[in-house]
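Note sheet for the following structure.
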Amino acid sequence: MAAVVAIISGAGMFLMRKGTPRHRINGAIYIASMFVVIVSVIPVEATTLRIGSSRFGFFHVFIVIGFISLCVGLAALRRWRRTGRPKDLRSHQVNFAYSYAGLLMAGFSQIATNPMWGLVEGMGVAQFWITFAALNAAIYAVATWLIVTRIAKRDPLSFMPGKTT
(Lines give C-alpha, C1' and ligand atoms only; values in the text may rest on other atoms or scores of the structure.)
Protein backbone atom coordinates (compact mmCIF):
# COMPACT_ATOMS: atom_id res chain seq x y z
CA MET A 1 0.00 0.00 0.00
CA ALA A 2 2.82 2.43 0.84
CA ALA A 3 4.38 1.79 -2.57
CA VAL A 4 1.11 2.78 -4.26
CA VAL A 5 0.95 5.94 -2.15
CA ALA A 6 4.56 6.74 -3.07
CA ILE A 7 3.86 6.19 -6.78
CA ILE A 8 0.76 8.42 -6.72
CA SER A 9 2.32 11.21 -4.64
CA GLY A 10 5.52 11.06 -6.68
CA ALA A 11 3.59 11.35 -9.94
CA GLY A 12 1.77 14.35 -8.53
CA MET A 13 5.08 16.02 -7.74
CA PHE A 14 5.94 16.26 -11.44
CA LEU A 15 2.62 17.89 -12.27
CA MET A 16 2.62 20.72 -9.76
CA ARG A 17 4.52 23.93 -9.17
CA LYS A 18 7.45 23.42 -6.84
CA GLY A 19 7.76 25.10 -3.47
CA THR A 20 4.01 25.43 -2.95
CA PRO A 21 2.28 24.11 0.17
CA ARG A 22 0.71 21.36 -1.97
CA HIS A 23 4.16 20.36 -3.26
CA ARG A 24 5.52 20.23 0.28
CA ILE A 25 2.62 18.08 1.48
CA ASN A 26 2.99 15.68 -1.45
CA GLY A 27 6.74 15.61 -0.82
CA ALA A 28 6.24 14.74 2.84
CA ILE A 29 3.79 11.99 1.86
CA TYR A 30 6.26 10.65 -0.74
CA ILE A 31 9.17 10.66 1.73
CA ALA A 32 7.16 9.00 4.49
CA SER A 33 5.73 6.35 2.17
CA MET A 34 9.17 5.66 0.66
CA PHE A 35 10.62 5.12 4.13
CA VAL A 36 7.73 2.75 4.90
CA VAL A 37 8.38 0.88 1.64
CA ILE A 38 12.11 0.65 2.33
CA VAL A 39 11.68 -0.52 5.93
CA SER A 40 8.89 -2.97 5.08
CA VAL A 41 10.79 -4.61 2.19
CA ILE A 42 13.93 -5.37 4.21
CA PRO A 43 12.47 -8.41 6.01
CA VAL A 44 10.80 -9.83 2.88
CA GLU A 45 12.52 -13.04 1.85
CA ALA A 46 13.72 -13.10 -1.74
CA THR A 47 11.73 -15.41 -3.99
CA THR A 48 14.20 -15.12 -6.83
CA LEU A 49 17.79 -14.00 -7.41
CA ARG A 50 19.01 -14.78 -3.90
CA ILE A 51 22.37 -13.45 -2.78
CA GLY A 52 24.30 -16.55 -1.75
CA SER A 53 22.49 -18.59 0.89
CA SER A 54 20.97 -15.54 2.60
CA ARG A 55 17.31 -14.62 2.55
CA PHE A 56 18.22 -11.42 0.72
CA GLY A 57 18.05 -11.11 -3.03
CA PHE A 58 19.12 -8.92 -5.88
CA PHE A 59 16.19 -6.55 -5.36
CA HIS A 60 17.34 -5.86 -1.79
CA VAL A 61 20.34 -4.03 -3.25
CA PHE A 62 17.92 -1.45 -4.61
CA ILE A 63 16.63 -0.80 -1.11
CA VAL A 64 20.04 0.55 -0.18
CA ILE A 65 20.24 2.63 -3.37
CA GLY A 66 16.73 3.99 -2.81
CA PHE A 67 17.51 4.89 0.79
CA ILE A 68 20.71 6.69 -0.19
CA SER A 69 18.95 8.61 -2.98
CA LEU A 70 16.20 9.67 -0.60
CA CYS A 71 18.69 10.81 2.06
CA VAL A 72 20.85 12.70 -0.45
CA GLY A 73 17.77 14.46 -1.86
CA LEU A 74 16.60 15.43 1.63
CA ALA A 75 20.06 16.65 2.64
CA ALA A 76 20.27 18.76 -0.53
CA LEU A 77 16.89 20.32 0.25
CA ARG A 78 17.98 21.14 3.79
CA ARG A 79 21.22 22.70 2.47
CA TRP A 80 19.29 24.75 -0.08
CA ARG A 81 16.92 26.05 2.60
CA ARG A 82 19.91 27.03 4.72
CA THR A 83 22.18 28.48 2.01
CA GLY A 84 19.92 29.29 -0.96
CA ARG A 85 22.51 27.85 -3.38
CA PRO A 86 20.85 26.80 -6.66
CA LYS A 87 23.14 23.76 -6.99
CA ASP A 88 21.63 22.32 -3.80
CA LEU A 89 18.10 22.78 -5.13
CA ARG A 90 19.16 21.14 -8.41
CA SER A 91 20.63 18.21 -6.45
CA HIS A 92 17.34 17.85 -4.57
CA GLN A 93 15.35 17.86 -7.81
CA VAL A 94 17.58 15.39 -9.62
CA ASN A 95 17.91 12.99 -6.67
CA PHE A 96 14.17 12.85 -6.09
CA ALA A 97 13.49 12.39 -9.80
CA TYR A 98 15.88 9.42 -9.83
CA SER A 99 14.35 8.18 -6.57
CA TYR A 100 10.97 8.10 -8.28
CA ALA A 101 12.44 6.40 -11.36
CA GLY A 102 13.97 3.77 -9.07
CA LEU A 103 10.60 3.20 -7.42
CA LEU A 104 9.03 2.64 -10.83
CA MET A 105 11.89 0.35 -11.88
CA ALA A 106 11.50 -1.77 -8.74
CA GLY A 107 7.74 -1.96 -9.07
CA PHE A 108 7.67 -2.87 -12.74
CA SER A 109 10.56 -5.31 -12.27
CA GLN A 110 8.68 -7.10 -9.50
CA ILE A 111 5.58 -7.39 -11.64
CA ALA A 112 7.50 -8.52 -14.73
CA THR A 113 9.89 -10.97 -13.08
CA ASN A 114 8.33 -12.21 -9.83
CA PRO A 115 7.14 -15.82 -10.19
CA MET A 116 3.97 -15.14 -8.16
CA TRP A 117 2.65 -12.95 -11.00
CA GLY A 118 3.09 -15.76 -13.52
CA LEU A 119 4.74 -13.63 -16.19
CA VAL A 120 8.08 -15.43 -16.01
CA GLU A 121 6.75 -18.96 -16.30
CA GLY A 122 8.19 -20.60 -19.35
CA MET A 123 11.01 -18.07 -19.62
CA GLY A 124 14.52 -19.34 -19.87
CA VAL A 125 17.28 -17.70 -17.89
CA ALA A 126 18.39 -15.60 -20.87
CA GLN A 127 14.86 -14.43 -21.64
CA PHE A 128 14.33 -13.56 -17.96
CA TRP A 129 17.45 -11.38 -17.86
CA ILE A 130 16.68 -9.77 -21.21
CA THR A 131 13.18 -8.90 -19.99
CA PHE A 132 14.51 -7.57 -16.70
CA ALA A 133 17.30 -5.55 -18.32
CA ALA A 134 15.15 -4.18 -21.15
CA LEU A 135 12.39 -3.08 -18.81
CA ASN A 136 14.76 -1.30 -16.46
CA ALA A 137 16.84 0.19 -19.26
CA ALA A 138 13.68 1.63 -20.83
CA ILE A 139 12.47 3.19 -17.56
CA TYR A 140 15.95 4.52 -16.77
CA ALA A 141 16.38 5.94 -20.28
CA VAL A 142 13.05 7.77 -20.19
CA ALA A 143 13.77 9.06 -16.67
CA THR A 144 17.24 10.23 -17.62
CA TRP A 145 15.92 11.94 -20.76
CA LEU A 146 13.26 13.75 -18.72
CA ILE A 147 15.77 14.72 -16.04
CA VAL A 148 18.37 15.95 -18.53
CA THR A 149 15.95 17.83 -20.78
CA ARG A 150 13.43 19.07 -18.22
CA ILE A 151 15.23 19.46 -14.89
CA ALA A 152 19.00 19.67 -15.30
CA LYS A 153 19.03 22.27 -18.09
CA ARG A 154 16.63 24.71 -16.50
CA ASP A 155 17.26 27.12 -13.70
CA PRO A 156 16.23 25.20 -10.57
CA LEU A 157 14.23 28.21 -9.37
CA SER A 158 12.21 28.34 -12.60
CA PHE A 159 9.99 25.56 -11.27
CA MET A 160 8.89 27.66 -8.31
CA PRO A 161 6.04 30.19 -8.30
CA GLY A 162 7.09 33.82 -8.39
CA LYS A 163 10.76 32.97 -8.85
CA THR A 164 12.49 34.18 -11.97
CA THR A 165 16.15 34.62 -12.72
Side-chain angles (χ1 to χ4, degrees), residues 1-46 49-52 54-111 113-114 132-133 135-161 163:
M1 182 64 175
V4 173
V5 172
I7 288 170
I8 292 168
S9 64
M13 300 293 280
F14 289 107
L15 303 174
M16 65 182 63
R17 297 287 288 168
K18 310 304 179 237
T20 63
R22 187 170 158 211
H23 173 84
R24 290 180 184 136
I25 290 168
N26 260 17
I29 291 168
Y30 177 77
I31 291 164
S33 57
M34 282 300 293
F35 276 120
V36 169
V37 168
I38 289 167
V39 169
S40 66
V41 173
I42 292 170
V44 174
E45 188 169 342
L49 303 173
R50 286 183 186 265
I51 298 173
S54 73
R55 63 180 184 74
F56 297 108
F58 181 71
F59 289 104
H60 284 89
V61 173
F62 294 109
I63 296 169
V64 176
I65 295 168
F67 180 72
I68 290 169
S69 180
L70 206 57
C71 290
V72 170
L74 276 171
L77 179 62
R78 289 177 56 98
R79 274 192 317 275
W80 176 72
R81 285 184 175 164
R82 202 173 50 249
T83 66
R85 291 186 315 210
K87 78 175 194 169
D88 292 326
L89 182 58
R90 165 88 65 239
S91 175
H92 164 72
Q93 293 165 343
V94 168
N95 275 288
F96 272 89
Y98 274 118
S99 170
Y100 188 68
L103 174 65
L104 293 178
M105 290 167 70
F108 283 115
S109 292
Q110 278 294 323
I111 291 168
T113 62
N114 193 318
F132 174 80
L135 178 65
N136 282 292
I139 294 170
Y140 187 79
V142 169
T144 298
W145 177 78
L146 288 170
I147 290 166
V148 168
T149 62
R150 302 287 197 289
I151 297 173
K153 285 189 174 183
R154 290 179 63 182
D155 174 10
L157 295 176
S158 69
F159 295 101
M160 299 179 69
K163 305 279 184 175

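For Tyr30 (side chain) and Tyr100 (main-chain N/O), a donor-acceptor pair under 3.5 Å exists by modelled atom type.
Here CD1 of Ile38 is found 11.0 Å from CD1 of Ile65. Values are rounded to the nearest 0.5 Å. In this structure, Tyr140 OH and Leu135 CG are separated by 15.0 Å, a value rounded to the nearest 0.5 Å. Atom CD1 of residue Ile63 and atom CZ of residue Phe56 lie 8.0 Å apart, to the nearest 0.5 angstrom.
Side-chain contact between Phe67 and Met34 is absent, with no heavy-atom pair separated by less than 4.5 Å.
When each of Arg78, Arg79, Gln93 is tested with Asp88 by the rule side chain to side chain donor-acceptor pair (under 3.5 Å), just one qualifies, namely Arg79.
Qualifying side-chain contact (heavy atoms from CB on, under 4.5 Å) partners for Ile147, counting only residues two or more places apart in sequence or in other chains: Val94, Ala97, Tyr98, Ile151. Residues passing the side-chain contact (heavy atoms from CB on, under 4.5 Å) test with Leu77 are Trp80, Arg81, His92, sequence neighbours excluded.
Of all non-hydrogen atoms in Arg55 and Ile42, the two that sit nearest each other are NH1-O, 3.3 Å. Closest approach of Leu104 and Ile139 over heavy atoms only: O-CD1, 4.0 Å. For the pair Leu70 and Ser99, the tightest heavy-atom approach, listed with the atom from each and the gap, is CD1-OG, 4.0 Å.
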